[in-house]
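Letters A, B, ... are given to chains in the order of the sequence lines, protein chains preceding strands, and every chain is numbered from 1.
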Protein chains: 4
Amino acid sequence: MTTTEKSAGGRIPRDAENDYTREAADARREFVREHTGAELEHVSSYSFDPAEGAGNIEHFVGVAQVPLGIAGPLLVNGEHAQGEFYVPMATAEGTLVASYNRGMKLVREAGGVKTTVMDDAMQRAPSFVFESAREAREFGEWLTAHFEEIKEAGETSTKSGKLRNIEQYSASRILYTRFNWTTGDAAGQNLTGKATAVACSWITSNFPGDIKHFFLESNFATDKKSSQVNMLRTRGKRVVAECTLSNDLVQKHMRTTTDVMFRARQVSNLGGFMSGVNNNGAHSANGITAMFIATGQDAANVAESSAAFVFAELLPNGDYYYSVTIPSLIVATYGGGTGLPTQREALEMLGCFGSGKVRKLAEIVAATVLAGELSLGSAIVAEEWVQAHDLLGRNRY
Amino acid sequence: MTTTEKSAGGRIPRDAENDYTREAADARREFVREHTGAELEHVSSYSFDPAEGAGNIEHFVGVAQVPLGIAGPLLVNGEHAQGEFYVPMATAEGTLVASYNRGMKLVREAGGVKTTVMDDAMQRAPSFVFESAREAREFGEWLTAHFEEIKEAGETSTKSGKLRNIEQYSASRILYTRFNWTTGDAAGQNLTGKATAVACSWITSNFPGDIKHFFLESNFATDKKSSQVNMLRTRGKRVVAECTLSNDLVQKHMRTTTDVMFRARQVSNLGGFMSGVNNNGAHSANGITAMFIATGQDAANVAESSAAFVFAELLPNGDYYYSVTIPSLIVATYGGGTGLPTQREALEMLGCFGSGKVRKLAEIVAATVLAGELSLGSAIVAEEWVQAHDLLGRNRY
Amino acid sequence: MTTTEKSAGGRIPRDAENDYTREAADARREFVREHTGAELEHVSSYSFDPAEGAGNIEHFVGVAQVPLGIAGPLLVNGEHAQGEFYVPMATAEGTLVASYNRGMKLVREAGGVKTTVMDDAMQRAPSFVFESAREAREFGEWLTAHFEEIKEAGETSTKSGKLRNIEQYSASRILYTRFNWTTGDAAGQNLTGKATAVACSWITSNFPGDIKHFFLESNFATDKKSSQVNMLRTRGKRVVAECTLSNDLVQKHMRTTTDVMFRARQVSNLGGFMSGVNNNGAHSANGITAMFIATGQDAANVAESSAAFVFAELLPNGDYYYSVTIPSLIVATYGGGTGLPTQREALEMLGCFGSGKVRKLAEIVAATVLAGELSLGSAIVAEEWVQAHDLLGRNRY
Amino acid sequence: MTTTEKSAGGRIPRDAENDYTREAADARREFVREHTGAELEHVSSYSFDPAEGAGNIEHFVGVAQVPLGIAGPLLVNGEHAQGEFYVPMATAEGTLVASYNRGMKLVREAGGVKTTVMDDAMQRAPSFVFESAREAREFGEWLTAHFEEIKEAGETSTKSGKLRNIEQYSASRILYTRFNWTTGDAAGQNLTGKATAVACSWITSNFPGDIKHFFLESNFATDKKSSQVNMLRTRGKRVVAECTLSNDLVQKHMRTTTDVMFRARQVSNLGGFMSGVNNNGAHSANGITAMFIATGQDAANVAESSAAFVFAELLPNGDYYYSVTIPSLIVATYGGGTGLPTQREALEMLGCFGSGKVRKLAEIVAATVLAGELSLGSAIVAEEWVQAHDLLGRNRY
C-alpha cells in the first residue's frame, strides 16, 4: 500500500454546483485512492441518495457501516414510553448488546423500569466583560429586570425555542450567564446558539452601560464536555430510571445476591468520589453511545450524556432498589442525523420518529442504561465479567 | 404505523448454530417489522458478510450508515505520523467536517501540527477490602514487595500486554489499585481486564493475610467515564498537539486577531475552572467522535477521550502558541471494530491499519483536534459561529 | 512528665450551677494536671471573665494565645470600606504578616484595592426522599408554588433572617434543596439552621403527598467544606477585589516584571485546573485565617472561605490587571466569637464592630487577600520566596 | 469611636534593633489607638515574653485570646496514640466542645477509635516549561534517571527531610512535578520549599537541555488549598479512624438507630457527589480547627486538612462500621506555633510535645474527628441539631 503521507497534498475535490451527488462522492473516493492508496469499497456502499446527507456532512465520500444489533424486550413504565421496546444498538464492542439484553430480561421480570423526565433545558452561555466587578453586578441586575424583553427578542428567531430563564455566575469583572431554553423535539444546540445570539444582540444594543467584551461561549454551557454545572443544573434532559429487584430474581439471573451487589456499590461509590469521576455507575456510555449512533443522535454528546448518578438501597426484606439519574442527556427526534435513512428506521423501531417524541426517547435511553448497569454491575460481582468478554469478544491479542 | 409498544413482547430470534448469517439477520428484521412496524430497509443494506461481525455485535440485524466525509490535508509533524493526511470523519452534524477542514488549512499554512505521545497506559482497577485500614496498609506493602511475581502471573494471559506498575489509593479499610498496562496496538480494556483478573487470582492465592472482599472494578479506572484521576494519571494515550500561528495568518483566514483569541481564551479558562468542566477547550469531542466512528474505535470512550487541557500563549511578537493535551485518549489499530470493512478502509486512508500504528493514529487524532479547536475558537470570536451553522446545518426548527 | 494515657480516665469536672467561672476553669485545670501532667500556666492566663465565654465554649479552661500582628495601611476603595485600614492578623507563621504588609504597600502605591460584594446568601440544605422520582418532581413543583408560605413560616423564627429563594437539585427519588437566606450581620449558620427547620416543619405538615424521609442536611450546603456548588452559587459573601499595577511599580517593589508574573499565572492556572484545586491563586487561606482568628470569625469556615478564583490580564501597555473572587466568604460582625474581648478590639481596629458592618469586613478581607496574592505571587517569581522564609521563619529543622 | 479610615495613613512603628519587646509592641498599640481609636487592652494582655514570638509573627502587638475547652476522655487504639486523651479545643463556637465530647463518650463505650497513619508526604511542586512537549518528555525521563543525584543535592539543605520520590504530570510543553518529602516532626512546608529549591538548583545546572522557565510552585502541591490531587496522593498525613457501634449503644446515647444513620449517610453521600464537595462527612473542619489553634498548628491548613472520605457499613447484625479518612492532614509537633507557650501546654496535655510525636498527634486528631462526625451525624438524624445550638449557642439574632 502506498503510504498516506507520500503522495498527499492535493486539495479535496468539491463540486461547487451540487456537492451532494454520487459523482461528487466518487470523485473524492478516487482522490483518496490516488493520494492514500486506500480503496473505499465498503465506505461507498450506501443505500441512499447523497442528497439526503446535505446538512449533515461535508466532503461526503460514503458511510461508516456500524453493526447494529437489537436488545429487548425492554419493559418501560414511563410517562411517555409505556410498554415493551426493542432497542437498536450500533456498536462494534462484542458482548455489549448481549449484556444489555441480559439486563433487560432481568428488569422485565422485576416489573419493568419506571422512568421520569425531571427537567429539560438546553443552553448557550455567553459571557460579558466589564470595566470592573461593579459594572458586572449592575449588568446582572439589569439582565434580571429586562428578562421579558430579552426573551421576546431571542424568541423571534425560533419557532419552537422558549427561553426559560437566565442564570448568572460572576467572577472578577466577568458575568457568565446560562440562557436556558426548551427546544421541542430538537436537541437544540443550534437553535439555542442562534436565539441566544439574537437575544445578546438586543442586550448589547439596549444595555445603557459599557460592555467591554462579549463572547457567545466561555465554558459555561460546556457543550460536548462534562461539567459539574451541567450535572447540577441539567443540560438537555434530566432523566431518572428506577427499578426494584428481589433477591430471588438476582440469584436466579445474576448468580449473585442483592447484599453483595449493594456492598460492591458502596465500595464503588467511595472509589468514584475519590477518583473524581463524573459517573458513579458502571458504563452508561456504552448503551447511550450505541443508541445514539443507531438513532442519529450526535454521538459527540456522549461526553456530557455519559455523566450519571447511581443511587441504590438495600431494603430490609433484601430487595434492591436501584436508580440511575442522567443529568445531561442530549437527545432529539428531529434535526441532526435523526432523519437519515437507517437512523430514521431505528427511531421508528422505538416509535420515536416524528413530533412530540423526544421525552419518550429520553425515557427509553434511561431505561436501557439502567438495564445495562444492573447487568454489568452484577457481572463484576459474579466474576463472570472477564469470561463474558472472552467468550463473545475477540480477545486474541 | 403500528405503535411499538402494543405488539411487543416476543423473544428476539437467534440461531443457535450460527447467528452471524444474512438469514439470521433477516429473521430478526422480520421480527422487528412484526413487533414494531418498522421496515429496516436501509439498516439491512450492508456490504459485508455478517460473519465479519462475529465478536463485534450480538443480535445483528444490519448496520447504521453514518455519513462519512473527509477533511484535509492535515500536516502533522509527529514522531509516528509525518506528512499530510486526509482524515475520515463519520458524523451527521452539518458544518463539522467543514470546520475541521478550515482549521487544517490554517495549521498547514502555519507549518503543521507538532504531536507528541507523552504516556501510554491502560488499566483495570481492582479494590480490596480488609478487616481494618491497618491490614489494607499491610497489603499495600506486600503488593509493592511482590510486584515482579504479580507481573509475571498477569502477563501469562496475554501476548502483548505488559504490566508497568500498580498504583495504590487508600481510603477506609479499602485499598484501591490501578494496574497500568501497555497493550500494543489494542485499546486494551479486555486484555487488561483479563490479565488483571489473572494477576488478582495469584494475589488472592498468595497473600498470607485475609482479604475480606475483592472487586475487579470500583471506579478507579473509570472506563467510559471522565475522571480527574485519568486526567492526572493518563488512560490510553496522553498526547499533546502544538502549533504556533502568526497574527497575519489568523487575520487572513480567521477574520480575527491573535490578541482577541487570547483574550477569549482567558475568559474561557476561568469559565471552565468555575463550571467544573473536564476540558477547557472548545469541542474536541466532535473531531474525536467522528474519527472514532469512522475508524472503528469504541465511541463510548468519547466519555473519557473528550477530556482536554488547552494551553495558549500570546508571544511578544503577536504570534499565538496553542496546544491541546488529551490525557486519556483511547485508540486502537487492532481489535474492537478496527477490522470491520468500512472502518479498516478508513484506517488505511490514514496509513494506520496493521501492527505498530497505534501511536501514529493517536497523533493524527490529536492534530485533528487541534485544528478543530482553532477553527471553532476563532469562529466564536469572529461571531461567525451561529451563521456557519445556519448556512450548512439544517436549522429549520 | 507523666504520660497522658496512663492516668487518664476520669470525667471532666463541670459545675452544674454555673460552669463559666474561674473556679470551674481552675478545677478543670487541676484535673488536666492530675491526669496528663500538663501545667496549663499560660492557658489559664486570660484577661476576661469566663462568663464572657458562655455561648462560645464548653469545658472552658482558659485560652489559646495566638500572636497578633498588624499589617497596613491597606487602601480600600470599596462600597462599604473606604480609606486606609490596619489589619489585625493572628498567626504563628513567620513572614505571613510581613508578606501581606509588603503587598499592602504595593497596592497602596497602585491606588488601592477596589472591592465589590457581588452576592450574599447563607443556606441550610434539607433533602427529601420519596417513593419514586415522580413524587420528588411533584414535591419540587409544590415547593415552588408555596414559596411565599414557606418563607413566612420560616421567618417567624428569626428577626434578621430573610428567605431569598429555594434552589432544587434532583437525583434518584431525592430532592435536594438549598434554602438561601440573608442573615444581617451574623454569619448565619445557626439562624439559618433554625429557620429552615421551622420552614421544613411547615412543609412536612402541609405537603399533601408522602415524604418518606427528611434530613436537614445532606451535603448540599457544605458548611465548613469546600464544594463546587458553593463556588458556583455563593455561600456567605461573594466578594471581588481588583487592582491594576504598572510594570514600573512591580519592578520597583517586587523585583520582577508584569509579563513574568503573567506568564507564571498562566502556568499556575493550568496546574490548578489539572490538579483539581478549589483556588487557582496562591494562599488566600493565610490572610483569611489570620483575620478570622483575630476578629472572632469561625476559623473552621476557612474550609470554604479559602476557595478563590484569580483572574489577571496583561494589558497592552504592560499594566497588570489582577483580581481575586472569593465565592464563599463566611464573615460576621455579630454573634459567634465577634463579641469576645480581643476579637472585639480587632474588629474595632477596622471600624467593623457593631451593626451594619459585615459587608465592610468582607471587603477588607478581600482586599487583604489580594494584597497577599500579589506579594506571594511575585515572590515566587522573583525566587525570593524560600529566602524570605529563611530569614524570618524558624527554619532550624 | 474615631472611624478607622479618617486618621489612618502612617507607617507602622518598628524597632530596627529588636522588634520583639513589650516596648515595640506597646508603640504599635499606641499607634493603633491613635489611628483607629481602638484600645487594645485585651490584645496586649499576654503572658509571655514577646521574644518568644520571633519567627512566628511580625509587627507583634499582642495576642488573640481564643477560648479553650477540653473534651474527653477520648479512647484511642492507635499505633502511636494508645489510651485515653483529653483533647484541647480552641474555638468560639458554642456547642462544638460539647458535641465532640458527646461523640467521645459514645466511641469510648464502643471500645475506642482505631487509628492508622497510611501515608506521609509533604511536597513542593515546581513546574518546568520547555520549547515543546517533546523536550518536556525528555526532561521527565532525565529526571527519573537522575533521581538519586537530585535527592542527594536536595537533602544537603535539611537535617530531617528525605526526598521520597518525584511525581510527574504533563500538559502542553510543561512538566509539573511533585517532590514528595518526609519531614520528621515538622509540618515541613518551609523545609520542603527550601530543599526543593536546592534540588532544582542542581537540576537547572545539570540538565543538558534548555529549560525555558521554571517556577517553584504552580498549583500542584496546593498548599492551603483543597485539591483532588492531594486527596488522591496525600499531603501531610493520610490517616484513617475507624469504629464499630452497636445499635443498642446508638439508641441509648444518640436517640436514633444505626439503620437510620446509615440511610442518612447514603443520601448524604449522593448529595456530596453531586455538589462536588471535598468531604462527604459532616464537619471535620470544626474539630481540626479547634485542635489546630489550641496546639499551634497552622490553621490556614484547615483548607486542605478538612478534606475527608467517610465510609460506613451497616452490618447484618445491625452494628454500624464507621470510618473517616483524612487524606491531607497537616500537623506538626515541632516548628511553627508548636513551641509557643499556650500551644506547647496543649501539646503536653496530649503527650505530644517533643520529638517523635507527630504521628501520635495525627492519630488523636483523626480519632477526634471521628467522634465529632458520629455526634453531629446522629444529631442531624435525631433532629436535635437545631435545638442543641439554641440551648448552648448565642442565638439571639
For chain B, the option from [options] that forms the most heavy-atom pairs under 4.5 Å:
options	value
A:Thr222, A:Val267, A:Val61, A:Asn101	A:Val267
A:Ser305, A:Ala303, A:Gly354	A:Ala303
A:Gly161, A:Ala290, A:Gly296, A:Gly72	A:Gly72
A:Gln228, A:His283, A:His59	A:His59
A:Ala294, A:Gly69, A:Ala171, A:Ala307	A:Gly69
A:Gly281, A:Ser172, A:Ser44, A:Pro88	A:Gly281

Which region of [X], side chain (C-beta onward) or backbone (N, CA, C, O), has a non-hydrogen atom less than 4.5 Å from a non-hydrogen atom of chain A, or is it both or neither?
X	result
B:Gln343	side chain
B:Asn280	both
B:Tyr46	both
B:Thr289	side chain
B:Leu40	both
B:Met89	backbone

Just say parallel, tilted or perpendicular for the rings of A:His213 and A:Phe215, cut-offs at 30° and 60°.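 Parallel: the ring planes of A:His213 and A:Phe215 meet at under 30°.
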For the residue pair B:Phe220 and B:Tyr169, does the interplanar ring angle fall in the parallel (under 30°), tilted (30 to 60°) or perpendicular (over 60°) class?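 Parallel, since the angle between the ring planes stays under 30°.
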Are [X] and [Y] side-chain neighbours, meaning at least one heavy-atom pair lies under 4.5 Å?
X	Y	answer
A:Phe60	B:Val97	no
B:Ser226	A:Val277	no
B:Leu347	B:Arg344	no
B:Asn301	B:Phe292	yes
B:Leu68	B:Ile293	no
B:Phe214	B:Val129	no

Do B:Ser45 and B:Gln65 pass the side chain to side chain donor-acceptor pair (under 3.5 Å) test, and can you show the C-alpha distance, the side-chain angles, and the key distance before you say yes or no? CA-CA 9 Å; B:Ser45 297; B:Gln65 295 182 38; 4.7 Å; no
Can you tell which of [options] has the highest number of heavy-atom pairs within less than 4.5 Å of chain A?
options	result
B:Val229, B:Val32, B:Val43, B:Thr183	B:Val43
B:Ile288, B:Val198, B:Leu96, B:Leu270	B:Leu270
B:Ala282, B:Gly184, B:Ala125	B:Ala282
B:Gly276, B:Gly271, B:Ala308	B:Gly271
B:Met231, B:Arg28, B:Glu39, B:Met274	B:Met274
B:Asn230, B:Ile174, B:Ile12	B:Ile12

With a 4.5 angstrom heavy-atom cut-off, which part of [X] approaches chain B: side chain, backbone, both or neither?
X	answer
A:Ile70	both
A:Ala90	side chain
A:Val76	neither
A:Ser127	side chain
A:Ala71	backbone
A:Ser306	side chain
A:Thr342	both

Check for a donor-acceptor pair, side chain of A:Asn56 on one end and backbone N or O of A:Gly336 on the other, with a separation under 3.5 Å.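 Yes, because the side chain of A:Asn56 sits within donor-acceptor range (under 3.5 Å) of the backbone of A:Gly336.
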Any donor-acceptor pair under 3.5 Å from A:Arg124 side chain to A:Glu217 backbone: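 Judged by distance alone, no pair lies under 3.5 Å.
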Lys/Arg N to Asp/Glu carboxylate O, B:Lys224 vs B:Glu304, below 4.0 Å: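 Here B:Lys224 does not pair with B:Glu304 in a salt bridge, since their nearest N and O are not under 4.0 Å apart.
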Going by distance alone, is a donor N or O of one side chain under 3.5 Å from an acceptor N or O of the other, for [X] and [Y]?
X	Y	result
B:Gln297	B:Thr295	yes
B:Asn279	B:Ser284	yes
A:Ser275	B:Asn219	no

